[in-house]
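We count ligands from 1, going down the list as the structure has it; atoms in each ligand are counted the same way.
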Amino acid sequence: RVVLKPREEDRLIRGHPWVYDNEIARVQGSPVAGDAVALESARGRFLGTALWSPASKIRARRYSDEALPFASHLRPALDRALKLRAAEFDLDRESCRVVFGEADGLPGLIVDRFVGEAPDAVKGSWLSVQVLAAGMAAHKSAVVEALEAALSPNGIMERSEAPVLAYEGLKPSVGILAGSVPQSLTMLENGLRFEVDLASGQKTGWFLDQARNRAAAARRAGGLRVLDAFCNQGGFGLACAAAGAASVLAVDSSAPALAAVTANAARNGLSDQVSTREANAFDLLRELERSGERFGLVVLDPPAFAKNKASVEGALRGYKDINLRAMKLLEPGGYLVTCSCSSWVDRDSFMSTIADAAADARRRFRVLEERPAAPDHPALLGYSESRYLKCAILQAL
Ligand code: SAH
């Protein structure tokens, strides 16, 4: 049993699932990592059951509002998570995130499911798993068992290597957890074939959260010259090329990512339209502007500039800088697809930073769409960390 200090329960009552170490008045018993603890307010109100992470500032993560052992919660929670995806995706053909941590009642657990074909022509599905909290890591073998029982994947790959692991007292853990996992596989997104590197691609191999935002960008790309900045493996740029963009310049600082863009372009018969450039996007945007280049559609999908509260201000300067540069590159009527995936930067400060950039660029824009992550990355009301992705589509006047 974990009793909170007076008035620390408000956030939990409003839906936020975390208890920080400095909010705890006392702990009864001596829980170890992974133990289920009952949460209680100072006045004795029951606040749910949480997994204990003894080394982390986020000391407990609630998984249920009931008094339920984790072993009885795991499979029903997984089944609920799968039901949501089945309602939103064609699971026979589409890859998606099947578990999104706290928002699925499985704190610290991320599971991406890729449907596709291995190089030896074996068709099937593979899971890429990240276990990012000590409380969940203690249940890893039960999680693997539940995933196998619920989804019968050909293989399960673990990719727990995010920097946050250190705060949990966890070591990076990468390897095959079950079955067999090919180095890479080919999957479909928006009708295009992409190679996904399950063993060493960034994060779990592919950024599934942007799938529908890529389609939204592509809808506007017909006939235009497109710049895909921070392109990774070319998700946005190739969707635009397939939708009839005149040309696509895909920019990233990672050479392996660009090699994947080139291979993906060839795989989809788009090589003629797509070229790549290895560069620091901050510098390249300036350089393109100086040399008088113009684009009809620019995508900005940088990595999370803010990794914590302290770096938010610097992050906003970064967002302002790239948006200002991109705005100057746009033809009249051109589109800016601008994203932030930092949970520390909320929607209002992101949009107001973009407005600052427009003022400095001396240009006017219409906001055509503001889009969140795809519905396989659901957000928990009251837990703004789960609404991390912002994708705004603007049009220059
Ligand atoms: N748009 C991609 C995801 C981008 S992830 C998609 O749709 O899948 C962010 C990318 O930015 C990574 O591929 C990373 O290699 C790249 N990156 C990080 N810093 C960069 C910089 N300064 N200049 C160019 N690319 C950068």
Side-chain angles (χ1 to χ4, degrees), residues 95-97 112 114 128 159 161-163 184 187-190 192-198 200-218 221 226-243 245 248-265 268 270 274 276-288 297-307 311 314-315 317-323 325-326 329 336-343 345 371-374 376-377 388-393:
S95 302
C96 68
R97 176 159 290 187
D112 286 351
F114 295 101
S128 184
R159 293 291 303 277
E161 50 194 333
S184 67
M187 63 141 199
L188 283 175
E189 182 182 283
N190 298 320
L192 293 172
R193 296 171 67 217
F194 290 99
E195 186 175 329
V196 179
D197 182 345
L198 289 180
S200 50
Q202 293 185 27
K203 297 281 172 65
T204 66
W206 182 255
F207 296 98
L208 292 165
D209 52 356
Q210 293 278 33
R212 297 192 182 179
N213 299 338
R214 294 179 185 121
V226 172
L227 173 64
D228 181 4
F230 307 91
C231 65
N232 193 252
Q233 298 167 68
F236 276 98
L238 294 179
C240 291
V248 175
L249 176 58
V251 177
D252 204 282
S253 55
S254 154
L258 293 174
V261 175
T262 304
N264 284 329
N268 291 287
L270 300 169
V274 178
T276 63
R277 187 100 162 251
E278 186 183 334
N280 179 339
F282 285 82
D283 300 336
L284 186 74
L285 288 168
R286 274 199 176 72
E287 194 184 310
L288 292 170
L297 190 151
V298 177
V299 180
L300 296 175
D301 184 20
F305 288 156
K307 305 277 187 201
S311 55
R317 275 197 299 276
Y319 287 122
K320 182 170 168 195
D321 188 71
I322 54 173
N323 278 283
R325 303 291 150 205
L329 287 172
L336 177 63
V337 179
T338 181
C339 312
S340 160
C341 60
S342 176
S343 56
V345 173
R371 307 180 54 95
D376 50 341
H377 295 62
Y388 66 105
L389 186 66
K390 288 125 337 243
C391 171
I393 304 185

Item checked: Pairwise distance SG(Cys96) to CD(Glu189) - rounded to 0.5 angstrom -> 11.5 Å
Check: If you measure from CG on Asp301 to CG on Asn232, what distance do you get to the nearest 0.5 Å?
Finding: 8.5 Å
Item checked: Heteroatom proximity flag, Pro302 to ligand 1, N/O under 3.5 Å -> no
Check: For ligand 1, which atoms have a heavy atom of Ser254 less than 4.0 angstrom away?
Finding: 15 (O)
Check: What do we get for Arg214 next to ligand 1 when only non-hydrogen atoms under 4.0 Å count, side chain, backbone, both or neither?
Finding: side chain
Next item on the list: Tell me, please: is Cys231 in heavy-atom contact with ligand 1, that is, under 4.0 Å?
Entry: yes
Check: Can an N or O of Asp228 be found at a distance shorter than 3.5 Å from an N or O of ligand 1?
Finding: no
Checklist line | Heavy-atom nearest neighbour of atom 5 (S) of ligand 1 within options Phe305, Phe207, Phe194 | finding: Phe207
Next item on the list: Determine whether any heavy atom of Ala279 lies closer than 4.0 Å to an atom of ligand 1.
Entry: yes
Check: Which is closest to atom 21 (C) of ligand 1 in terms of heavy atoms, Trp206, Phe282, Phe230?
Finding: Phe230
Checklist line | Polar contact flag for Val251 and ligand 1 (N/O pairs, less than 3.5 Å) | finding: no
Checklist line | ligand 1-proximal atoms of Ala257, by part, heavy-atom distance under 4.0 Å | finding: neither
Note to self: Can you check which of Asn232, Asp209, Leu300, Asp301 brings a heavy atom nearest to atom 9 (C) of ligand 1?
What the structure shows: Asp301
Checklist line | salt bridge (charged side-chain N to carboxylate O under 4.0 Å, His left out) between Asp321 and Arg286, worked out | finding: CA-CA 10 Å; Asp321 188 71; Arg286 274 199 176 72; 3.1 Å; yes
Notebook entry, point to check: Should Ser342 and Tyr388 be marked as a side-chain hydrogen bond (donor to acceptor under 3.5 Å, both in side chains) after you check the CA-CA gap, both sets of side-chain angles, and the distance that decides it?
Noted result: CA-CA 6 Å; Ser342 176; Tyr388 66 105; over 6 Å; no
Check: For the side chain of Asn213 and the backbone of Pro372, is there at least one donor-acceptor N/O pair under 3.5 Å apart?
Finding: yes
Margin query: Contact between Cys339 and Gln210 at the side-chain level, heavy atoms closer than 4.5 Å - yes or no?
Written below: yes
Note to self: Taking distance alone, with N or O pairs closer than 3.5 Å, would you say Asp252 contacts ligand 1?
What the structure shows: yes
Checklist line | Pair Arg277 + Glu287: basic N to acidic O under 4.0 Å | finding: yes
Check: Relative to the heavy atoms of Phe236, which atoms of ligand 1 are at a distance of less than 4.0 Å?
Finding: 1 (N), 7 (O)
Next item on the list: Would you mind reporting whether Leu188 and Arg193 have side-chain heavy atoms less than 4.5 Å apart?
Entry: yes
Margin query: I need the atoms of ligand 1 closer than 4.0 Å to a non-hydrogen atom of Asn280, numbered in the order shown.
Written below: 21 (C), 22 (N), 23 (N)
Check: Say you draw a straight line from CE of Met187 to CD of Glu195; how long is it, rounded to the nearest 0.5 Å?
Finding: 11.0 Å
